[in-house]
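Below you'll find the structure, written out as structure tokens, and then a few comments.
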Amino acid sequence: MTLTDARQFNISTLSELESVLLHLSEKQYKKTSSLLSSSVGTHVRHIIEFYHCFFKGLDYGAIDYDNRPRNPVLEESVDQALEYLKNVHLLLSGQDMSHYPETVSVVALTGSGSPVQTSSSIIRELLFLQSHTTHHLALIALMLEQEGIKLPLDFGVATSTRRHRQAAEEPAQE
């Protein structure tokens, strides 16, 4: 997979999120689900902040997904979340990444609270972000479906599951 492919993969996934958010009211966005004890806004903030950490980490030399700003405005305002998502789109589609090294450092907190540092690549981190986003879209789908809101069939469904479903639907070839 190329860097361009990884970037486009993320843009596509975030576009699915944006298309759903455009149809939600503030009340639907902020409502805490009894199923998950969180709101759509909580998950959207979390998604956006992981991308923020990725781009900030590229500039500072180490990606740290644990050191997030946890901006409550992103949980409360669907319009603000959509604005932030537009900025993520711009960074994914337009930012020149050729000056970054292929290998990046990633910092994570362990269960004891001690940070560990490891090596990764920009492409691997973009694949992680897409998978992480899909995971949270699945949680958002559960919350919205609980409220009776219809969603696109594959919203929050992993690419591998989509492919498996497609293969299962195809008639067996003899």
Side-chain angles (χ1 to χ4, degrees), residues 3 6-97 100 104-109 113 115 120 122-152 154-159:
L3 180 57
R7 290 165 79 160
Q8 187 55 48
F9 196 25
N10 279 271
I11 290 169
S12 176
T13 303
L14 291 171
S15 294
E16 291 178 29
L17 173 59
E18 285 176 307
S19 69
V20 168
L21 293 180
L22 286 169
H23 295 84
L24 293 183
S25 67
E26 290 289 323
K27 183 178 178 181
Q28 291 167 322
Y29 184 75
K30 295 190 302 189
K31 183 177 181 183
T32 299
S33 165
S34 60
L35 185 66
L36 299 174
S37 300
S38 58
S39 67
V40 171
T42 305
H43 291 275
V44 172
R45 175 201 47 82
H46 184 78
I47 291 166
I48 290 169
E49 290 183 347
F50 264 59
Y51 283 95
H52 170 84
C53 291
F54 169 75
F55 285 108
K56 181 180 172 186
L58 290 179
D59 288 333
Y60 287 98
I63 300 168
D64 182 354
Y65 298 112
D66 295 319
N67 189 17
R68 298 185 303 279
R70 292 172 172 82
N71 183 350
V73 172
L74 293 175
E75 293 184 23
E76 298 164 6
S77 171
V78 69
D79 291 335
Q80 285 295 309
L82 285 164
E83 282 301 312
Y84 272 76
L85 284 168
K86 283 181 192 174
N87 289 333
V88 172
H89 271 262
L90 289 172
L91 290 169
L92 284 168
S93 61
Q95 182 169 335
D96 177 20
M97 293 187 180
Y100 294 118
V104 294
S105 179
V106 179
V107 177
L109 291 176
S120 187
I122 292 175
I123 292 173
R124 176 66 193 107
E125 291 309 303
L126 285 168
L127 290 174
F128 160 72
L129 285 168
Q130 189 282 331
S131 178
H132 175 261
T133 298
T134 299
H135 163 75
H136 283 277
L137 295 187
L139 295 172
I140 290 168
L142 284 172
M143 290 187 286
L144 293 177
E145 287 170 355
Q146 182 185 33
E147 295 298 313
I149 297 171
K150 285 281 194 191
L151 297 170
D154 286 333
F155 184 81
V157 177
T159 304

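Side chains of Arg70 and Glu75 form no contact here, defined as non-hydrogen atoms less than 4.5 Å apart. Within the 4.5 Å cutoff, side-chain heavy atoms of Leu21 are placed close to those of Leu85. A heavy-atom distance below 4.5 Å is found between the side chains of Ile140 and Leu137. The side-chain heavy atoms of Ser33 and Gln146, taken from C-beta on, include a pair separated by under 4.5 Å. Two residues are said to be in side-chain contact when any heavy atoms from C-beta on lie closer than 4.5 Å; Glu83 and Ser77 fail this criterion. Looking at heavy atoms from C-beta onward, Ser39 lies out of side-chain contact with Val44 at the 4.5 angstrom threshold. Using a 4.5 Å heavy-atom cutoff, the side chains of His89 and Ser15 are in contact. Between Thr42 and Leu36, every side-chain heavy-atom pair lies at or beyond the 4.5 Å cut-off.
Residue Leu14 holds its CG atom at 7.5 Å from CD1 of Ile47, rounded to the nearest 0.5 Å. The distance from the CG atom of Leu17 to the OG1 atom of Thr13 is 9.5 Å, given to the nearest 0.5 Å. Separating the CG atom in Leu74 from the CG atom in Leu82 is a distance of 10.5 Å, to the nearest 0.5 Å. For the atom pair OG1 of Thr32 and CE of Met143, the computed distance is 9.0 Å after rounding to the nearest 0.5 Å. Rounded to the nearest 0.5 Å, atoms CD (Gln80) and OH (Tyr29) are 9.5 Å apart. With rounding to the nearest 0.5 angstrom, the CD1 atom of Ile48 is 13.0 Å from the NE2 atom of His43.
Side-chain atoms of Glu26 come within 3.5 Å of backbone N or O of Val78 as a donor-acceptor pair. With Ser131 contributing its side chain and Phe128 its backbone, the two residues share no donor-acceptor pair below 3.5 Å.
Scanning all heavy atoms of the two residues, the minimum distance from Arg7 to Leu91 falls at NH2-O, 3.5 Å. Nearest heavy-atom pair, Val20 versus Pro152, reported as atom, atom and distance to 0.1 Å: CG2-CD, 4.1 Å. Contact between Glu16 and Gly156 at its shortest, heavy atoms only, is OE1-N, 4.5 Å.
With sequence neighbours left out, the side-chain hydrogen bond (donor to acceptor under 3.5 Å, both in side chains) criterion links Ser105 to Gln117. For the side-chain contact (heavy atoms from CB on, under 4.5 Å) test, residues two or more places apart in sequence or in another chain that qualify with Gln28 are Leu24, Ser25, Ile149.
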Quiz item: Please walk me through it: do Glu125 and Tyr65 pass side chain to side chain contact (heavy atoms under 4.5 Å, CB included)?
Solution: CA-CA 11 Å; Glu125 291 309 303; Tyr65 298 112; 2.7 Å; yes
Quiz item: Could you go step by step and tell me if Leu126 and Leu92 meet the side chain to side chain contact (heavy atoms under 4.5 Å, CB included) rule?
Solution: CA-CA 10 Å; Leu126 285 168; Leu92 284 168; 3.8 Å; yes
Self-check item: side chain to side chain contact (heavy atoms under 4.5 Å, CB included) evaluation trace for Arg68 with His46
Solution: CA-CA 9 Å; Arg68 298 185 303 279; His46 184 78; 3.7 Å; yes
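Thr134 and Gln130 form a side-chain donor-acceptor contact under 3.5 Å, judged by distance and modelled atom types alone.
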Show the atom names and distances, to 0.1 Å, of all donor-acceptor pairs under 3.5 Å that link a side chain in residues 51-64 to residues at least two apart or in another chain.
{"unit_1": "Tyr51", "atom_1": "OH", "unit_2": "Asn10", "atom_2": "OD1", "d": "2.4"}
{"unit_1": "Tyr51", "atom_1": "OH", "unit_2": "Thr133", "atom_2": "OG1", "d": "3.3"}
{"unit_1": "Asp59", "atom_1": "OD1", "unit_2": "Tyr100", "atom_2": "OH", "d": "2.4"}
{"unit_1": "Asp64", "atom_1": "OD1", "unit_2": "Asp66", "atom_2": "N", "d": "3.0"}
{"unit_1": "Asp64", "atom_1": "OD1", "unit_2": "Asn67", "atom_2": "N", "d": "3.3"}

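Using a 30° and 60° split on the angle between ring planes, His132 and Phe50 fall in the parallel class, below 30°.
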